[in-house]
Asks: 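Take this structure, written in structure tokens, and hold onto it; I'll ask about it next.
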Amino acid sequence: MLFGLLAGVFVDRVRRRPVLIASDFVRGTLLVVVPALAFGGQLTVPVLALFMAVFGLFNLTGDAASQSFLPRIVPSPLLTRAHAAIDQSSAVAQTGGPALGGGLVSLVGAPWTVLVDAVSYLASGLVLLTIRVEEPAPDHTRRAPILAEIGEGLRWVYRHRMLGPLALTGHTWFFFTGIAGAVLAP
């Protein structure tokens, strides 16, 4: 949660497209390094944990940037439909992805499967490079301290008639999903 708040402030202070491109390329590169280390017999649990922490930070930053980038590339009347399409794609990936990944692992092995995932991030970064969008530079003259921006954002979300309850249910879902994930995996 702490990193999410910092990522939100960071993303508000910069253009979103470069953040999306960089986060995809970093995640793709990390996912190329993991199989390379595995093939070389150098992949250990501490190294993998470090890679996953860095991957998670860039995943968080990329997700924060993508949410605020969509209104730049989709006209306002189509924004609800665009968000619905993204949510539908995400639902398909969350339900079908593990089965597809498991099948791929059993077919070609874990390192090659991770390499396929790396290619998907690198391809996404390349596609983002082709998107032309007018994205004005953020106004740095009115920048508040980070903690003040975090507080302002939290107050705005939790006082909002619709976003407040959505945020609370989201926190509850993530909390219990985290518990279930930790218990079900072993």
Side-chain angles (χ1 to χ4, degrees), residues 1-31 54-98 100-101 117-178:
M1 187 172 104
L2 174 64
F3 291 121
L5 296 173
L6 292 172
V9 171
F10 167 72
V11 166
D12 277 348
R13 293 179 174 205
V14 296
R15 289 185 171 110
R16 276 61 164 195
R17 183 174 164 267
V19 172
L20 288 167
I21 293 167
S23 64
D24 276 350
F25 284 142
V26 168
R27 290 181 287 184
T29 302
L30 286 171
L31 290 176
V54 174
F55 183 89
L57 288 173
F58 279 91
N59 204 39
L60 184 66
T61 306
D63 286 352
S66 70
Q67 292 172 8
S68 56
F69 183 66
L70 188 64
R72 293 270 177 217
I73 59 174
V74 175
S76 292
L78 300 176
L79 205 50
T80 301
R81 188 177 298 163
H83 277 293
I86 288 174
D87 287 346
Q88 289 168 345
S89 299
S90 179
V92 168
Q94 288 176 358
T95 52
L100 181 63
D117 198 19
V119 169
S120 74
Y121 280 104
L122 296 172
S124 174
L126 290 173
V127 169
L128 285 166
L129 280 172
T130 67
I131 294 175
R132 298 291 166 231
V133 63
E134 198 171 306
E135 196 173 12
D139 183 10
H140 295 295
T141 59
R142 299 184 317 166
R143 184 183 295 172
I146 290 174
L147 291 178
E149 282 192 39
I150 289 173
E152 179 184 346
L154 289 173
R155 282 188 299 278
W156 189 87
V157 168
Y158 287 107
R159 289 178 181 165
H160 192 277
R161 177 176 71 80
M162 295 174 68
L163 294 180
L166 179 65
L168 290 174
T169 57
H171 297 324
T172 304
W173 184 85
F174 280 114
F175 177 76
F176 286 108
T177 301

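Treat the numbers as computed from the prediction; the structure is a model and nothing was measured.
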Asks: How far apart are the C-alpha atoms of V119 and L31, what are their side-chain angles, what is the distance that settles it, and do they pass the side chain to side chain contact (heavy atoms under 4.5 Å, CB included) test?
Replies: CA-CA 9 Å; V119 169; L31 290 176; over 6 Å; no

Asks: Short question: side chain of S66, backbone of D63 - any donor-acceptor pair under 3.5 Å?
Replies: yes

Asks: First locate atom CZ of F55, then atom CG of L57, and finally report the distance between them rounded to the nearest 0.5 Å.
Replies: 11.0 Å

Asks: Could you grab the distance from atom CD1 of I150 to atom CZ of R155, nearest 0.5 Å is fine?
Replies: 11.0 Å

Asks: Measuring only between side-chain heavy atoms, which start at C-beta, is D24 closer than 4.5 Å to L122?
Replies: no

Asks: Determine all donor-acceptor pairs shorter than 3.5 Å in which one atom belongs to a side chain in residues 7-20; sequence neighbours excluded.
Replies:
unit_1, atom_1, unit_2, atom_2, d
D12, OD1, R16, NH2, 3.2
R13, NE, E149, OE2, 3.3
R13, NH2, A144, O, 2.6
R13, NH2, E149, OE2, 2.9
R15, NE, E135, O, 2.8
R16, NE, S68, OG, 2.9
R16, NH1, V14, O, 3.4
R17, NE, L128, O, 3.1
R17, NE, I131, O, 2.9
R17, NH2, L128, O, 3.4
R17, NH2, L129, O, 2.8
R17, NH2, I131, O, 3.4

Asks: Could you list the donor-acceptor pairs under 3.5 angstrom formed between side-chain atoms of residues 84-94 and any protein atom two or more places apart in sequence or on another chain?
Replies:
unit_1, atom_1, unit_2, atom_2, d
S89, OG, A85, O, 3.0

Asks: Does any part of the side chain of V26, heavy atoms only, come nearer than 4.5 Å to the side chain of Y121, both counted from C-beta?
Replies: no

Asks: Quick check: are there more than 12 heavy atoms from other residues, nucleotides or ligands sitting under 6.0 Å from CZ of F58?
Replies: no

Asks: Nearest 0.5 Å please: distance from the CZ atom of R132 over to the CD1 atom of I73.
Replies: 13.0 Å

Asks: Under the ring pair (Phe, Tyr, Trp, His ring centres under 6.0 Å) rule, collect the residues that match up with F25, sequence neighbours excluded.
Replies: none

Asks: Does a sphere of radius 6.0 Å around CG in L78 hold more than 12 heavy atoms from other residues, nucleotides or ligands, not counting ones at 6.0 Å or beyond?
Replies: yes

Asks: Can you tell if the side chain of L126 reaches within under 4.5 Å of the side chain of I21, non-hydrogen atoms only?
Replies: no

Asks: Measuring only between side-chain heavy atoms, which start at C-beta, is N59 closer than 4.5 Å to S23?
Replies: no

